[in-house]
Amino acid sequence: MTSQSQGIQQLLQAEKRAKDKLEEAKKRKGKRLKQAKEEAIAEIDHYRLQREKEFRNKQTTVMGSQGNLSAKIEEQTTENVRNLTSSYHKNMESMMKKLLNTICNINPELHPNFRHAV
């Protein structure tokens, strides 16, 4: 009987050791998964930063050229406004004289299609 209880004790101890090993393996697996997840997140962040940097460089290149284009358009617009203003001031007097001359010097005439009522 003692040998049976001793055999049962050995089985219980073996079962406990197996259970402890299983728990230890689960803990190691959890640690490895957590570490792999952290490494993946770090790699993703690094890749995202690299791609954002490339995007900003390309954006600066494109927007920089558009900025120059915008400055050229602004300069051309200013020049056109300046030319129109000078043309206005130069021709205003002569146009006013022509307009007033046309309005004030009226020659009353009958229209060629006018028919006399008989």
For the NZ atom of Lys31 and the NZ atom of Lys34, what is their distance to the nearest 0.5 Å? 9.5 Å
What's the spacing between Leu12 CG and Ser5 OG if we round to 0.5 Å? 10.5 Å
Return each pair, listed once, that meets side-chain hydrogen bond (donor to acceptor under 3.5 Å, both in side chains) where at least one residue sits in residues 45-58; pairs must be two or more places apart or across chains. Asp45-Arg48, Arg51-Glu54
Approximate separation, where rounding is to 0.5 Å, of Met95 CE and Leu100 CG: 11.0 Å
Which value, rounded to the nearest 0.5 Å, describes the distance between Met92 atom CE and Ser87 atom OG? 11.5 Å
If the condition is side chain to side chain donor-acceptor pair (under 3.5 Å), which residues does Arg82 pass it with, not counting sequence neighbours? Glu79
Residues in side-chain contact (heavy atoms from CB on, under 4.5 Å) contact with Arg17, at least two apart in sequence or another chain: Gln13, Ala14
Per the side-chain hydrogen bond (donor to acceptor under 3.5 Å, both in side chains) rule, what does the pair list look like for residues 99-108, sequence neighbours excluded? Asn101-Asn105
List for me each residue that meets side-chain contact (heavy atoms from CB on, under 4.5 Å) alongside Thr85, sequence neighbours excluded, and say none if there are none. Val81, His89
side-chain contact (heavy atoms from CB on, under 4.5 Å) partners of Ile73, counting only residues at least two apart: Leu69, Thr77
Rounded at 0.5 Å granularity, tell me how far CD in Glu15 sits from CG in Asp20. 11.0 Å
Answer with yes or no whether the hydrophobic clustering places Tyr88 together with Met96; edges join I, L, V, M, F, W, Y residues whose side-chain heavy atoms lie under 4.5 Å apart. yes
